[in-house]
Amino acid sequence: MQSNQRRVGGRAPVTLDTVVPWGRSFDEYVRMFDLTEADLQSRILDCAAGPASFSAEMCRRGRSVVACDPIYRFSATDISRRIDETSETILRKTAETHERFVWTDMRSPDHMGKLRMAAMRQFLEDLPAGIATGRYQVCELPSLPFRDQEFDLALCSHFLFTYSDILMLDFHLASIREMCRVAREARIFPLLPSFGQAYSPHVQPVLDRLRAESYHREIRRVPYEFQKGGNEMLRISRFKS
């Protein structure tokens, strides 16, 4: 779960009481999206990034990621308060569905909580400076305020496909087309709905429609699995003319 702006069509305004902030780290991003050293040196856009620490950690490495999410209209203090309000619920639900996860790198729900809270603290510390320099942008799929091909990679973690019950097929298609407009390649992880262990029902229709529209699409296994079965990403790009 990232910032939980889950509303049909993605159009209702975001308020903090509808957000469940949950962020992942640089190391998780590298494995979720199978990012190479060359990838990390490219122009990256992180869509629906929520309170992930990827942009903050990349900045410390002398690199830059633009992260976009409507949650960034709120202050670090307000986001931190909401994290405190919702984190116990996430941890409790994860513990109740313990068998649906792979407990290797993260040894237990408590250990997972510590790692995720550390990532979110890095995000919160970085947010004011990142807003000032434009590394965090208040915007959201499926309409982004960036130029055509402004980025090399557009990433989307735990948003598309994850919330398939309320984000419909047309929303997924519009979002993917927009990611491919602003970036040379889009990568989406995972392909499972939240707490599920089989592909989202949108995956095959998305693949079929993108094929009909002459997009290159590939499902690739990645060196990351926490949600059981969640070890694949979707890569999409336009065919070269």
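This is a predicted model, so every value here is computed, not measured.
In this structure, Ile79 and Ile71 have side chains that are in contact, with non-hydrogen atoms separated by less than 4.5 Å. By the 4.5 Å heavy-atom criterion applied to side chains, Phe151 and Ser42 are not counted as neighbours. Here the side chains of Leu207 and Leu234 are in contact, with some heavy-atom distance below 4.5 Å. Contact check for Leu191 versus Ile219: side-chain heavy atoms found under the 4.5 Å cut-off. With a 4.5 Å cut-off on side-chain heavy atoms, Cys156 and Met179 count as touching. Annotation: side chain of Ile188 is in contact with side chain of Ile236 (closest heavy-atom distance under 4.5 Å). At least one side-chain heavy atom of Met58 sits under 4.5 Å from a side-chain heavy atom of Ile44. Using a 4.5 Å heavy-atom cutoff, the side chains of Phe54 and Leu35 are in contact.
At distances below 3.5 Å, not a single donor-acceptor pair connects side-chain atoms of Ser80 with backbone N or O atoms of Ala76. Counting only distance, with no hydrogens or angles, the side chain of Ser108 and the backbone of His111 share a donor-acceptor pair below 3.5 Å. A donor-acceptor pair under 3.5 Å is formed between the side chain of His172 and the backbone N or O of Phe161. Of the possible donor and acceptor atoms, one in the side chain of Gln149 sits under 3.5 Å from a partner among the backbone N and O of Cys180. With hydrogens and angles disregarded, no donor-acceptor distance shorter than 3.5 Å links the side chain of Glu140 to the backbone of Cys47.
Taking OG of Ser157 as the start and CG of Asp46 as the end, the distance is 7.0 Å to the nearest 0.5 Å. Distance check, rounded to the nearest 0.5 Å: CG of Leu115 to CG of Asp110 gives 11.0 Å. Note: Leu167 CG to His202 NE2 = 7.5 Å, rounded to the nearest 0.5 Å. Atoms CE and CE, on Met112 and Met117 in that order, are 11.0 Å from each other to the nearest 0.5 Å. Distance check: Ile176 CD1 to Leu141 CG gives 9.5 Å after rounding to the nearest 0.5 Å. Interatomic distance, CD of Gln204 versus CG of Leu169, reported as 11.5 Å (0.5 Å rounding).
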### Task
Go through the steps for Leu144 and Leu45 under the test side chain to side chain contact (heavy atoms under 4.5 Å, CB included), then give the verdict.
CA-CA 11 Å; Leu144 301 174; Leu45 174 67; 3.9 Å; yes

### Task
With side chain to side chain contact (heavy atoms under 4.5 Å, CB included) as the test, would you mind laying out the steps for Arg63 and Gln41 before giving the verdict?
CA-CA 7 Å; Arg63 298 169 182 175; Gln41 293 180 25; 3.9 Å; yes

### Message
Set out, in order, the CA-CA distance, both residues' side-chain angles and the distance that settles side chain to side chain contact (heavy atoms under 4.5 Å, CB included) for Leu160 and Phe171, then state yes or no.
### Response
CA-CA 9 Å; Leu160 296 177; Phe171 181 91; 3.9 Å; yes

### Message
Could you walk me through whether Asp84 and Arg81 satisfy the salt bridge (charged side-chain N to carboxylate O under 4.0 Å, His left out) test, starting with their C-alpha distance in whole Å, then the side-chain angles of each, then the deciding distance to 0.1 Å, before giving a yes or no?
### Response
CA-CA 5 Å; Asp84 291 340; Arg81 183 182 306 116; over 6 Å; no

### Task
Would you sort out whether His158 and Trp22 count as a side chain to side chain contact (heavy atoms under 4.5 Å, CB included), showing the intermediate values?
CA-CA 10 Å; His158 296 84; Trp22 200 238; over 6 Å; no

### Task
Test ring-ring contact (aromatic ring centres under 6.0 Å, His included) on Trp103 and His98 and set out the steps.
CA-CA 9 Å; Trp103 299 101; His98 186 277; 4.8 Å; yes

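Annotation: ring pair (Phe, Tyr, Trp, His ring centres under 6.0 Å) contacts of Tyr72 (sequence neighbours excluded): Phe123, Tyr136. Residues satisfying the side-chain hydrogen bond (donor to acceptor under 3.5 Å, both in side chains) criterion with Ser75, sequence neighbours excluded, are Asp78. By the side-chain contact (heavy atoms from CB on, under 4.5 Å) test, Arg61 pairs with Phe26, Glu57, sequence neighbours left out. Looking at residues two or more places apart in sequence or on another chain, you find a side-chain hydrogen bond (donor to acceptor under 3.5 Å, both in side chains) between Arg181 and Asp148, Glu178. Every residue two or more places apart in sequence or in another chain that forms a side-chain hydrogen bond (donor to acceptor under 3.5 Å, both in side chains) with Arg43 is listed here: Asp152. Residues forming a salt bridge (charged side-chain N to carboxylate O under 4.0 Å, His left out) with Glu213 (at least two apart in sequence, or on another chain): Arg177. Listed by chain and number, the residues in a side-chain contact (heavy atoms from CB on, under 4.5 Å) with Thr104 are Val102 (sequence neighbours excluded). Contacts of Asp34 classified as salt bridge (charged side-chain N to carboxylate O under 4.0 Å, His left out), with partners at least two apart in sequence or in another chain: Arg220. With sequence neighbours excluded, the residues that form a salt bridge (charged side-chain N to carboxylate O under 4.0 Å, His left out) with Arg187 are Asp39, Glu185. Remark: Glu232 engages Tyr199 in a side-chain hydrogen bond (donor to acceptor under 3.5 Å, both in side chains) (not counting sequence neighbours).
Shortest non-hydrogen contact noted between Leu91 and Gly113 is CD2-CA, 3.6 Å. Considering every non-hydrogen atom in both Pro201 and Ser164, the closest pair reads CD-CB, 4.3 Å. Here the closest non-hydrogen pair linking Arg82 and Val19 is NE-O, 2.7 Å. Here the closest non-hydrogen pair linking Pro190 and Gly230 is CB-CA, 4.4 Å. Gly50 and Asp69 get closest at one heavy-atom pair: N-OD2, 2.9 Å. Nearest approach of Ser55 to Ala67, heavy atoms of both residues: CB-CB, 4.4 Å.
The cationic atom of Lys228 (NZ for Lys, CZ for Arg) does not lie both less than 6.0 Å from the six-membered ring centre of Phe101 and within 45° of the ring axis.
Classification of Arg116 and Glu28 as a salt-bridged pair holds, one side-chain N sitting under 4.0 Å from a carboxylate O. Taking 4.0 Å as the cut-off between side-chain N and carboxylate O, Arg211 and Glu218 do not count as a salt-bridged pair.
Between the side chains of Tyr215 and Arg238, at least one donor N or O lies within less than 3.5 Å of an accepting N or O. Remark: the Asp17 side chain and the Thr15 side chain contain an N/O donor-acceptor pair separated by less than 3.5 Å.
Taking the six-membered ring where the residue is Trp, Phe189 and Phe33 present perpendicular rings, their angle passing 60° and hence far from 30°.
Pairs passing the salt bridge (Lys or Arg N to Asp or Glu O under 4.0 Å) check and including a residue from residues 98-107, sequence neighbours excluded, read Arg31-Asp105. Sequence neighbours left out, the pairs with a member in residues 118-134 that pass salt bridge (Lys or Arg N to Asp or Glu O under 4.0 Å) are Asp126-Arg135.
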